[in-house]
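Worksheet: one structure, shown below.
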Amino acid sequence: MRIPISAVTTETTEAEVIGWIHEVRDLGGLAFYILRDRTGFLQATIVKKKAPESVLAAAKDASRESVVRITGVVKATEKAPGGREILPETFEVIAKADAPLPLDVAEKVPAEIDTRLDNRFIDARRPRVAGIFQIRSTVQNAITDLFFREGFINITTSKIVAAATEGGTELFPLAYFEKEAFLNQSPQLYKQMMMAAGFEKVFEIAPIFRAEEHNTTRHLNEATSIDVEISFADHEDVMDLLERVVVGCYTKVAEECPTAIDAMGIDFAVPNAPFPRITYAEAIDIAAISIEEDITYGDDLSTAAEKAIGDEMGEHYFITDWPTAIKPYYAMPFEDDPSVCKAFDLMHPRMELSSGAQRIHQHDLLVEQIQAKGLSPESFEFYLKPFRYGMPPHAGWGLGMERLVMTMLDLPNIREAVLFPRDRHRVTP
RNA sequence: GCCCAGGUAGUGUAGGGGCCUAUCAUGCAGCCCUGUCACGGCUGCGACACGGAUUCGAAUUCCGUCCUGGGCGCCA
């Protein structure tokens with residue numbers, strides 16, 4: 001019976017393990033084969049004078065990164081990594097690895113991100129990289145758990161759409177039989193339609209597509225969006241939820257992934273709630289005193305401005321009370337001052353993580369706002385229709401999964417947070 | 001879309017007109033080595049993205065092509 005490497009302890013007497021040959025150190029009469037599976041490392045020690053002939057032959061044949069099965073006696077010893085080693089009685093090469101390897105799993109020599117992504121399957125054998133995706137899995141699980149505990153319905157909406165959701169961003173066009181179609185940039189309109197359907201609380205964790213030709217360490221052309229929408233809720237309610245989601249997933253990662261965090265060698269701290277909240281106007285003031293460029297009320301926050309404010313805040317924070325003019329048409333204006341709306345962004349000191357708002361649920365006001373943005377209500381008919389038949393007030397947000405993981409683990413490049421990133425140039429693997 | 005920077009063995013690098021028959025590390029192959037943990041020692045293998053130009057001479061300068069990284073704008 002094969003057991004995981006982490007189950008081989010100083011108490012173990014015999015074991016069968018399967019793993020990859022991580023490193024070989026041949027000292028002559030004595031050879032050490034470091035075996036790796038996803039749970040850890042185990043040293044197989046071969047004493048050449050004593051080992052069976054078949055073990056010697058197989059071991060000689062086993063190149064680095066080959067998959068091997070070893071059975072043998074386990075001995076506790078201070079001299080071995082992990083305090084124990086296996087003395088192979090059988091040694092079988094299950095799948096031999098070619099040499100040279102496309103990159104060095106043992107990380108004696110670094111590899112560039114491009115080389116790593118071209119060979120992601122082998123890059124992901126590195127414990128540090130595997131750790132990222134174990135943590136990402138835990139994050140998604142923590143968030144999903146929280147949504148279910150709070151009574152959300154998990155929905156799946158179409159990624160093939162006929163028109164732009166929000167204007168602004170570029171879309172990937174698609175040949176859809178005799179029609180023109182696009183890959184969806186956001187589930188926004190569909191989430192809102194499900195409010196009209198009376199689902200009250202929905203979430204979706206799914207890909208979004210943006211055809212922007214940017215080339216940065218924080219943009220992807222295919223990203224994963226964590227989206228929620230709640231009826232009878234305002235922007236304050238969903239900001240509270242967002243705070244619970246972020247703190248909740250950090251907490252669960254801290255509890256469940258100590259080994260992965262350790263493998264990554266990072267300082268991991270759960271952020272403290274509540275997150276500070278500053279208004280857009282305050283954010284502009286902070287930026288204005290710390291950066292060179294002219295910035296005034298009504299401008300979008302430039303990258304430099306975002307960074308300056310982030311440095312000042314030093315932790316997660318919300319920016320609230322945005323000018324209606326620079327937020328999407330569906331953001332609800334304040335009743336007493338419609339030039340400001342109930343939209344917010346959740347910021348990490350490094351970058352924006354999420355944006356959300358209470359939405360406009362009144363049909364006529366929505367049409368007005370669509371027109372105010374220079375868009376045509378006719379092309380939004382499928383979206384506007386639900387607003388005429390009993391649309392409850394509602395609010396929601398979208399949170400970028402990759403940015404969440406990237407900032408959580410202090411990754412230098414967002415591509416590190418995706419197994420198979422799609423960027424300006426990369427479509428394979 | 002705009003603006004930078006860059007492509008040298010499998011990987012990561014040095015070298016910016018002649019000292020280059022191209023450095024170092026890792027890897028791979030062979031030999032030596034019984035407690036390594038970045039094992040060590042010796043020998044060897046393996047590369048200037050492509051095309052053109054300048055020059056007595058180009059990895060190095062220039063032009064073009066292809067590929068890539070990054071910044072900005074926009075966005076999550």
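Just the heavy atoms: all of them, side chains too, but no hydrogens, waters or symmetry mates, feed the values below. Labels below follow one simple rule: chain letters A, B, ... track the order of the sequence lines, proteins then strands, and each chain is numbered from 1.
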Strand partner of G1(B), provided both Watson-Crick or wobble distances fall under 3.5 Å: C72(B)
Among G35(B), C33(B), G71(B), the one nearest Thr217(A) by side-chain distance: G71(B)
Sugar-phosphate, base or nothing in reach of Ser355(A), heavy atoms under 4.0 Å: sugar-phosphate
Arg64(A), nearest nucleotide to its side chain (from G27(B), A76(B), G70(B)): G27(B)
Residue-phosphate contact under 4.0 Å: Asn413(A) side-chain N/O, G70(B) OP1/OP2: yes
Rounded distance (Å) that lies between atom C1' of G35(B) and atom CZ of Arg84(A): 16 Å
Rounded distance in Å - CD (Glu204(A)) to P (A76(B)): 16 Å
Check: Tyr297(A) ring centre within less than 6.0 Å of Tyr280(A) ring centre: yes
Counter-base of A29(B), judged by Watson-Crick or G-U geometry with both distances under 3.5 Å: U43(B)
Integer-rounded Å distance: G71(B) C1' and Met351(A) CE: 14 Å
Asp114(A) and Arg426(A) ion-paired at < 4.0 Å: yes
Protein-nucleotide distance (Gln185(A), atom CD; C74(B), atom P), rounded to Å: 16 Å
Carboxylate-amine/guanidinium contact Asp262(A) Arg128(A), below 4.0 Å: no
Watson-Crick/G-U partner (both atom distances under 3.5 Å) of C24(B): G12(B)
Spacing of Glu402(A) atom CD relative to C75(B) atom P, expressed in whole Å: 19 Å
Nucleotide of U26(B), C72(B), G35(B) approaching Glu85(A) most closely (side-chain heavy atoms): G35(B)
C37(B) to C3(B) separation - C1' atoms, rounded to the nearest Å: 48 Å
Sidechain N-carboxylate O distance under 4.0 Å for Lys307(A), Asp311(A): yes
Basic-acidic side-chain contact under 4.0 Å: Arg210(A), Glu222(A): no
Asp114(A) CG to A49(B) P, straight-line distance once rounded to whole Å: 16 Å
Leu117(A) or Ile414(A), whichever maps to the more 5' nucleotide of RNA chain B: Leu117(A)
Opposite nucleotide pairing with C56(B), Watson-Crick or G-U, both atom distances under 3.5 Å: G18(B)
Stretch residues 34-60 of chain A: residues that reach within less than 4.0 Å of RNA chain B through a heavy atom: Gln43(A), Val47(A), Lys49(A)
Proximal nucleotide (of A76(B), G73(B), C75(B)) relative to the Thr303(A) side chain: G73(B)
Arg64(A) bridged to Glu23(A) by N-O distance under 4.0 Å: no
Mutual orientation of the aromatic rings belonging to Tyr190(A) and Phe382(A) [parallel < 30°, tilted 30-60°, perpendicular > 60°]: tilted
Sugar-phosphate, base or nothing in reach of Ala304(A), heavy atoms under 4.0 Å: nothing
C63(B) versus U54(B) - spacing of their P atoms, nearest Å: 15 Å
Nearest-Å distance once atom P is located in both C42(B) and A47(B): 24 Å
Rounded C1' spacing from A9(B) to U26(B) in Å: 12 Å
Distance, C1' atom - from G12(B) to G46(B), rounded to whole angstrom: 15 Å
Given G1(B), G73(B), G35(B), the nucleotide with the shortest approach to the side chain of Glu212(A): G73(B)
Distance flag, aromatic centroids of Phe91(A) and Tyr33(A), threshold under 6.0 Å: yes
Nucleotide of A76(B), G1(B), C37(B) approaching Glu213(A) most closely (side-chain heavy atoms): G1(B)
Separation of the C1' atoms in A53(B) and G17(B), to the nearest angstrom: 15 Å
Paired nucleotide for C66(B) [Watson-Crick or G-U wobble; both distances under 3.5 Å]: G7(B)
Whole-Å gap separating P (G69(B)) and NE2 (His219(A)): 15 Å
C1' spacing across the pair U13(B) / C24(B), given as an integer number of angstrom: 7 Å
Identified pairing partner of C37(B), criterion: Watson-Crick or G-U wobble below 3.5 Å: none
Ion pair check, Asp234(A) and Arg359(A), cut-off under 4.0 Å: no
From U68(B), G27(B), G73(B), nucleotide with atom closest to His214(A) side chain: G73(B)
Check: Tyr329(A) and Ile360(A) side chains under 4.5 Å, non-hydrogen atoms: no
Where the chi angle of G73(B) falls, syn if within 90° of 0 and anti if not: anti
Interatomic distance where CD belongs to Glu65(A) and C1' belongs to C28(B) [whole Å]: 15 Å
Atom CZ of Arg38(A) with >12 non-hydrogen neighbours under 6.0 angstrom: no
Between U60(B) and C2(B) - C1' atom distance, rounded Å: 30 Å
Under 4.0 Å protein heavy-atom contact, by nucleotide of nucleotides 4-15 of chain B - B base, S sugar-phosphate only: ------BBSS--
Under 4.0 angstrom between Lys108(A) side-chain N/O and G27(B) OP1 or OP2: yes
Lys/Arg N to Asp/Glu carboxylate O, Arg69(A) vs Glu16(A), below 4.0 Å: yes
Closest to the Leu220(A) side chain, choosing from U36(B), G73(B), A76(B): A76(B)
Options A38(B), G35(B), G70(B), nucleotide nearest the side-chain atoms of Lys79(A): G35(B)
Aromatic centroids of Phe148(A) and Phe203(A) separated by under 6.0 Å: yes
Thr216(A), nearest nucleotide to its side chain (from A76(B), G71(B), G35(B)): G71(B)
